[in-house]
Amino acid sequence: MSEKKVRVRFAPSPTGPLHVGGVRTALYNYLFAKHHGGQFILRLEDTDQTRFVPGAEEYIIESLKWAGISPDEGQGFGGEYGPYKQSERKAMYKPYADQLIADGKAYYAFDTPEELDQMRENAKQMGMPNWQYNSITRSNMKNSLSLSAEEVEERLKKGDPYVIRIKMPRDLDIKFEDTIRGWVSVNTNNLDDKVLFKSDGMPTYHLANIVDDRLMEITHVIRGEEWLPSAPLHVFLYDAFGWEAPKFAHLPLILKPDGPGKLSKRDGDRLGFPVFPLNWTNSDGEIYSGYKESGYFPDAFVNILAFLGWNPGDERELFTLEELSTEFKLERVGKSGAKFDPDKAKWYNQQYLRKRSAKELADLLQTYIGENNLKTSPFELEPVCELMKERATFIKDIYEDGHYFFGEVDKYDEKTLSKKWKENTSALMSEWLEILKNISSFKADSVETEFKDFITKKELGLGGVLPNFRLLLTGVGSGPSLFSIAEILGKDECIKRMELGIEKINELKSQEA
RNA sequence: GGCCCGUUCGUCUAGUGGUUAGGACGCAAGGUUUUCAUCCUUGAAACAGGAGUUCGAUUCUCCUACGGGCUGCCA
């Protein structure tokens with residue numbers, strides 16, 4: 001690689017919440033920077049003032065922080081190359097556009113948006129769906145190349161609105177090497193005279209992006225595939241300024257799980273998985289769900305995104321952010337779009353849940369309960385988590401599947417009741433209750449031994465009796481080791497639940513009869 | 001329509017001019033388990049199609065098909 005220190009940027013437009021594709025682009029930039037000991041920069045591309053969305057900037061920053069991929073410098077993070085928001089850099093761009101005009105590489109254009117619309121409309125009527133402002137059509141338009149010098153001068157003096165367009169030459173092959181895709185070549189005949197500077201005094205993305213990347217000493221541009229078509233223009237601009245272009249890498253898109261097309265914001269809630277890192281409420285009050293609020297761990301989220309387009313080349317799949325940083329190479333990023341797989345995403349979360357200690361899970365569960373105003377448990381959360389973690393994908397599963405640790409048992413699973421609870425079961429359970437009352441140690445082992453002695457004496461099978469005991473303690477027909485549950489509940493609670501349960505079930509059974 | 005990019009099991013993907021084309025998710029079967037989950041074992045499942053280069057192509061080239069992106073004074 002070059003001797004220059006690696007500096008990469010993530011440059012979203014704050015026009016709404018960041019979607020997973022954007023977060024993945026940020027992640028790859030972050031990983032690339034860390035891998036090379038470089039800087040990861042956040043720059044906000046807000047040159048379109050009409051698309052300003054309140055809260056979007058904060059959302060982007062919060063999302064990156066949550067995912068653990070905070071920029072080293074940039075909007076909200078400080079740094080020597082600021083400001084990092086293009087609207088605050090407004091005054092910097094015009095001189096560069098002027099320079100291009102002075103060099104004859106750009107020109108003023110006075111056509112109004114309405115005139116351009118009309119032009120495109122007319123062309124479409126005539127069967128040309130793709131009218132472009134280019135080396136052929138510009139001579140028919142109102143610009144400093146077609147108008148006399150005097151008229152141009154006069155219009156400028158008068159304050160006529162104008163834009164500055166790049167003067168794209170005819171029949172020139174522009175080539176550049178994309179780190180992911182190899183050589184890409186485009187002939188300028190297929191490129192148009194893009195607007196570089198708008199009539200509102202702001203640059204377009206194309207100009208701002210080049211100028212800022214230059215000023216911020218960006219070495220590698222890693223961005224989505226949707227930018228590939230305009231990359232030749234950017235390469236041309238670097239050349240026009242006489243600047244060395246950064247290296248480019250265009251990432252494949254993330255596609256929707258069903259049907260064709262790229263993942264869009266509505267797919268998530270339609271298909272039952274989030275497409276945003278955090279919850280987002282739009283101006284109509286519509287809520288889009290986020291990974292965080294859906295119960296995904298940030299490290300799982302990062303792992304999921306990393307593998308959407310990248311792999312280490314071997315069969316490992318679980319990587320921490322640090323491990324990803326050391327392993328990540330742009331060359332191992334695939335070229336083709338990846339469909340998002342919600343099932344695999346859940347699997348990842350399950351893996352990360354299981355990697356966590358009971359203590360960590362207990363803390364997370366406590367937070368979850370607090371945030372959602374749920375019932376607290378009279379029991380120690382740590383053993384509960386230890387017991388439940390093998391069957392949980394999300395923290396909420398521990399709470400929901402283990403609801404009997406958080407409140408009274410007031411319902412009894414009907415299927416188990418009808419299948420396992422026989423006529424003599426109540427008597428049997430009462431008998432067992434009496435034994436239970438006399439157990440001195442209420443450890444899982446002791447309870448298990450006593451229970452097994454009991455059914456051996458009764459000449460009964462475990463499968464016929466245990467489900468009923470479970471029903472009394474938990475109200476459900478399945479779950480983790482019942483003896484461990486009994487230990488957590490404790491002797492008094494078990495006795496209470498059994499007495500109450502036998503009574504309630506007797507009532508239920510008599511109603512049936 | 002034009003331009004650009006892409007195409008290996010259902011999905012994410014590994015892979016090489018000669019492989020039984022590997023793994024993971026999901027799915028199915030069996031085992032373990034009081035049950036559910038976990039776990040273990042096994043199974044089904046792919047090189048888009050057609051030419052060419054070659055002794056030999058999934059791998060290299062071209063064409064076709066399909067998919068995607070772009071085609072704004074949006075980014």
Side-chain angles (χ1 to χ4, degrees), chain A residues 11-15 45-48 50-51 86 109 111-113 116-117 120 124 127-133 161-165 178 180-182 184-187 189-192 194-206 208-209 223-232 250 252-253 255 257-258 260-262 304 307-318 332 334-348 350 354 388-393 397 401 416 420 451-452 455 461-470 476-483:
Chain A
S13 168
T15 52
E45 312 239 326
D46 58 343
T47 51
D48 187 352
T50 64
R51 295 215 303 162
Q86 290 179 331
D111 320 271
T112 65
L116 292 171
D117 285 347
R120 292 196 175 91
K124 199 182 271 178
M128 294 173 57
N130 190 27
W131 182 86
Q132 292 197 313
Y133 207 120
Y162 66 87
V163 300
I164 296 174
R165 286 180 181 273
D178 185 286
I180 294 171
R181 286 153 208 284
V184 176
S185 173
V186 177
N187 188 283
N189 291 355
N190 298 313
L191 265 25
D192 61 344
K194 278 269 182 307
V195 172
L196 301 179
F197 199 83
K198 300 186 273 188
S199 58
D200 65 359
M202 285 291 262
T204 60
Y205 168 85
H206 302 294
N209 148 280
R223 69 218 319 185
E225 188 184 329
E226 67 268 29
W227 293 109
L228 200 49
S230 54
H250 290 92
L253 264 19
L255 277 13
D258 61 345
K262 70 173 170 179
I304 292 163
F307 270 71
L308 240 35
W310 173 86
N311 74 82
D314 53 41
E315 280 159 11
R316 292 170 299 159
E317 293 201 279
L318 264 17
R332 288 210 62 83
K335 301 186 218 300
S336 50
K339 282 188 185 174
F340 186 86
D341 183 352
D343 284 329
K344 189 99 186 220
K346 283 185 186 155
W347 177 82
Y348 269 111
Q350 185 188 30
R354 296 174 60 172
M388 301 302 294
K389 69 187 283 192
E390 291 300 307
R391 60 202 65 231
T393 297
D397 296 338
D401 295 345
T416 314
K420 300 283 182 182
F451 186 80
K452 284 184 174 163
I455 61 166
L462 212 56
V465 189
L466 197 63
N468 292 314
F469 184 25
R470 181 184 294 281
V476 293
S478 67
S481 161
L482 185 58
F483 304 111

Tell me the partner of [N], counting only Watson-Crick (N1-N3 plus N6-O4 or O6-N4) or G-U wobble (N1-O2 and O6-N3) with both under 3.5 Å; none if nothing fits.
N: B/rU20; value: none
N: B/rU41; value: B/rA29
N: B/rA46; value: none
N: B/rC70; value: B/rG2
N: B/rA65; value: B/rU7

> Looking only at N and O atoms, is any donor in the side chain of A/Arg470 or the base of B/rU34 less than 3.5 Å from an acceptor on the other one?
Replying inline: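 It does, because a donor-acceptor pair links the side chain of A/Arg470 to the base of B/rU34 below 3.5 Å.
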Quick one: list whatever passes side chain to side chain donor-acceptor pair (under 3.5 Å) with [X], sequence neighbours left out.
X: A/Thr15; result: none
X: A/Asp341; result: none
X: A/Asn209; result: A/Tyr205
X: A/Lys124; result: none

> For A/Thr47 and A/Ala208, which heavy atoms make the closest approach, and how far apart are they?
Replying inline: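 Reported closest heavy-atom pair: CG2-CB, 4.2 Å.
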>> What's the closest nucleotide to the side chain of A/Leu462 if the choices are B/rU34, B/rC4, B/rG6?
In response: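 Among the listed nucleotides, the one closest to the side chain of A/Leu462 is B/rU34.
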> So which nucleotide from B/rA24, B/rU38, B/rU34 ends up closest to the side chain of A/Trp347?
Replying inline: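 Among the listed nucleotides, the one closest to the side chain of A/Trp347 is B/rA24.
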> Taking only residues two or more places apart in sequence, or in another chain, which ones meet A/Thr393 in a side chain to side chain contact (heavy atoms under 4.5 Å, CB included)?
Replying inline: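 Only A/Lys346, A/Asn349, A/Gln350, A/Asp397 meet the side chain to side chain contact (heavy atoms under 4.5 Å, CB included) criterion with A/Thr393.
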> With sequence neighbours left out, what residues match A/Pro252 under side chain to side chain contact (heavy atoms under 4.5 Å, CB included)?
Replying inline: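 For A/Pro252, the residues satisfying side chain to side chain contact (heavy atoms under 4.5 Å, CB included) (neighbours in sequence not counted) are A/Arg24, A/Arg181, A/Glu225, A/Val333.
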>> Within the 4.0 Å limit for protein heavy atoms, which parts of nucleotides 8-15 of chain B are touched? Write it as a string from 5' to 3', B for base, S for sugar-phosphate only, - for none.
In response: ---BSSSS
>> Return a single string for nucleotides 69-75 of chain B, one symbol per nucleotide in 5' to 3' order, where B is base contact, S is sugar-phosphate-only contact and - is none, cutoff 4.0 angstrom on heavy atoms.
In response: BSBSBBB
> Can you list the residues that meet the ring-ring contact (aromatic ring centres under 6.0 Å, His included) rule with A/Phe307, with sequence neighbours excluded?
Replying inline: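 A/Trp310, A/Phe319.
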>> Applying ring-ring contact (aromatic ring centres under 6.0 Å, His included), can you list everything that pairs with A/Phe451, at least two apart in sequence or on another chain?
In response: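 With neighbours one apart ignored, the set is A/Trp432, A/Phe469, A/Phe483.
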>> Expressed as a whole number of angstroms, how long is the span from A/Lys346:NZ to B/rC27:P?
In response: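 Spelled out: NZ on A/Lys346 to P on B/rC27 is 11 Å.
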> Within this structure, what is the CG-to-P distance between A/Asp397 and B/rC36, rounded to whole angstrom?
Replying inline: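 The answer, rounded to whole Å, is 18 Å.
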> Can you tell me if A/Lys389 uses its side chain to pair, donor with acceptor, with the backbone of A/Arg354 under 3.5 Å?
Replying inline: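 Yes; at least one donor-acceptor contact below 3.5 Å.
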Which protein N or O atoms sit under 3.5 Å from an N or O of nucleotides 58-61 of chain B?
none

> Who pairs with A/Arg332 by salt bridge (Lys or Arg N to Asp or Glu O under 4.0 Å), at least two apart in sequence or on another chain?
Replying inline: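 Per chain and number, A/Arg332 pairs via salt bridge (Lys or Arg N to Asp or Glu O under 4.0 Å) with no residue.
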